[in-house]
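Basis for what follows: all heavy atoms, side chains included, without hydrogens, waters or symmetry-related copies. Owing to the predicted nature of the structure, the values given are computational and were not obtained by experimental measurement.
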Protein chains: 2
Amino acid sequence: MALIDQTLLALADPTRRAILARLAQGEATVMELAAPFRMTQPAISHHLKVLEKAGLIARSREGTRRPCRLTPVGLAPLDAWLSDLRANLERSFARLDDLLAEGDPPEET
Amino acid sequence: MALIDQTLLALADPTRRAILARLAQGEATVMELAAPFRMTQPAISHHLKVLEKAGLIARSREGTRRPCRLTPVGLAPLDAWLSDLRANLERSFARLDDLLAEGDPPEET
DNA sequence: ATCTTATATAAGTTCTATTTTATGTAAAGG
DNA sequence: CCTTTACATAAAATAGAACTTATATAAGAT
């Protein structure tokens, strides 16, 4: 699975986005992250694993606790995808402008 | 369902992202969009419906054809979510810096 | 050592998304 | 009119993601 797939699949879940939002305020343990949700701890652990595999969070060890923190670089694939898309869009607009300037109506390939 | 949910759910599928990439080059009909995929036309039609409901594409009528075009404003919810997240991150880094400057080690709430 | 706290993993279930097959509709072409 | 082309919709199958219950592990507290 491509990086961008993992990124977007991870972000597509509201619980995981809420977890990221929480982590944007600072580190938190699994239990702290689980608290706001009406959901069991294993469910949260699974969400964390998805986020970790997507490179969106990292975890350390602090005795029995496993604090999580956000790793902003994990958003890079999404940034790249977005700017790619927008670059292509602009290129296609530029082509369209050229054609219109020539008075030549654009046609499909 | 919140806007950002629809946006990210739509983007989480590789077929749909490929469709958007194709549309970044310019308008295309359903058949043209379906061609590159080993997938039936109804499947593509369904993907297009998801993209449309997310506000990522729009469709017009041209006789029997239904050309699709990208609507870049559909990415606004994602842009907003991303900058929100990053704003919070920076705020929390700022707080951390303050505390460190005071020589006061940060603690959990 | 034992108990507790914090977390992970496994198995199973339920829910939702993707895809296909089959069929319907609407416009254009003969 | 009848056929074809381009697409939509419905129903059903499949696949996959999310969640729960039950259990395991590992570190700290007693």
Fill in: Rounded distance (nearest 0.5 Å) linking atom CD of Gln6(A) with atom CD1 of Ile4(A)
10.5 Å

Discussion item. Nearest 0.5 angstrom please: Gln41(A) CD to Leu48(A) CG, how far?
Written reply: 9.5 Å

What's the [atom1]-[atom2] distance between [X] and [N], to the nearest Å?
{"X": "Arg65(A)", "N": "dA26(D)", "atom1": "CZ", "atom2": "C1'", "value": "14 Å"}
{"X": "Ile44(A)", "N": "dT20(D)", "atom1": "CD1", "atom2": "C1'", "value": "13 Å"}
{"X": "His46(A)", "N": "dT7(C)", "atom1": "NE2", "atom2": "C1'", "value": "15 Å"}
{"X": "Lys53(A)", "N": "dA18(D)", "atom1": "NZ", "atom2": "P", "value": "12 Å"}
{"X": "Glu32(B)", "N": "dA6(D)", "atom1": "CD", "atom2": "C1'", "value": "11 Å"}
{"X": "Arg61(B)", "N": "dA27(C)", "atom1": "CZ", "atom2": "P", "value": "7 Å"}
{"X": "Leu51(A)", "N": "dA8(C)", "atom1": "CG", "atom2": "P", "value": "12 Å"}
{"X": "Leu9(A)", "N": "dA15(D)", "atom1": "CG", "atom2": "P", "value": "18 Å"}

Discussion item. Any N or O donor-acceptor pair under 3.5 Å from the base of dA6(C) to the side chain of Gln41(A)?
Written reply: no

Residue-phosphate contact under 4.0 Å: [X] side-chain N/O, [N] OP1/OP2:
{"X": "His47(A)", "N": "dA17(D)", "answer": "no"}
{"X": "Arg66(B)", "N": "dA27(C)", "answer": "no"}
{"X": "Thr15(B)", "N": "dT18(C)", "answer": "no"}
{"X": "Ser45(B)", "N": "dC7(D)", "answer": "no"}
{"X": "Thr40(A)", "N": "dT20(D)", "answer": "yes"}
{"X": "Lys49(A)", "N": "dT7(C)", "answer": "no"}

Worksheet entry | Residue whose nearest DNA chain D nucleotide is more 5′ - Arg59(B) or Val50(A) | Arg59(B)

Discussion item. Using heavy-atom distances to pick each residue's nearest nucleotide on DNA chain D, tell me which of Thr64(B) and Ala12(A) is more 5'.
Written reply: Thr64(B)

Check whether [X] reaches the backbone of [Y] with its side chain - one donor and one acceptor, N or O, closer than 3.5 Å.
{"X": "Thr71(B)", "Y": "Gly74(B)", "result": "no"}
{"X": "Arg16(A)", "Y": "Leu9(A)", "result": "yes"}
{"X": "Arg59(B)", "Y": "Cys68(B)", "result": "no"}

Quick one: which of [options] gets closest to the side chain of [X]?
{"X": "Pro42(B)", "options": "dA6(D), dT18(C), dT20(C)", "result": "dT20(C)"}
{"X": "Asp13(A)", "options": "dA18(D), dT18(C), dT5(D)", "result": "dA18(D)"}
{"X": "Met31(B)", "options": "dA6(D), dT9(C), dT7(C)", "result": "dA6(D)"}
{"X": "Met39(A)", "options": "dT21(D), dC19(D), dT19(C)", "result": "dC19(D)"}
{"X": "Arg16(B)", "options": "dT20(C), dT7(C), dT18(C)", "result": "dT18(C)"}

Item to complete: Check the pair Leu11(B), Leu11(A) against side-chain contact (heavy atoms from CB on, under 4.5 Å), reporting the backbone distance first and the verdict last.
Response: CA-CA 10 Å; Leu11(B) 295 181; Leu11(A) 295 181; over 6 Å; no

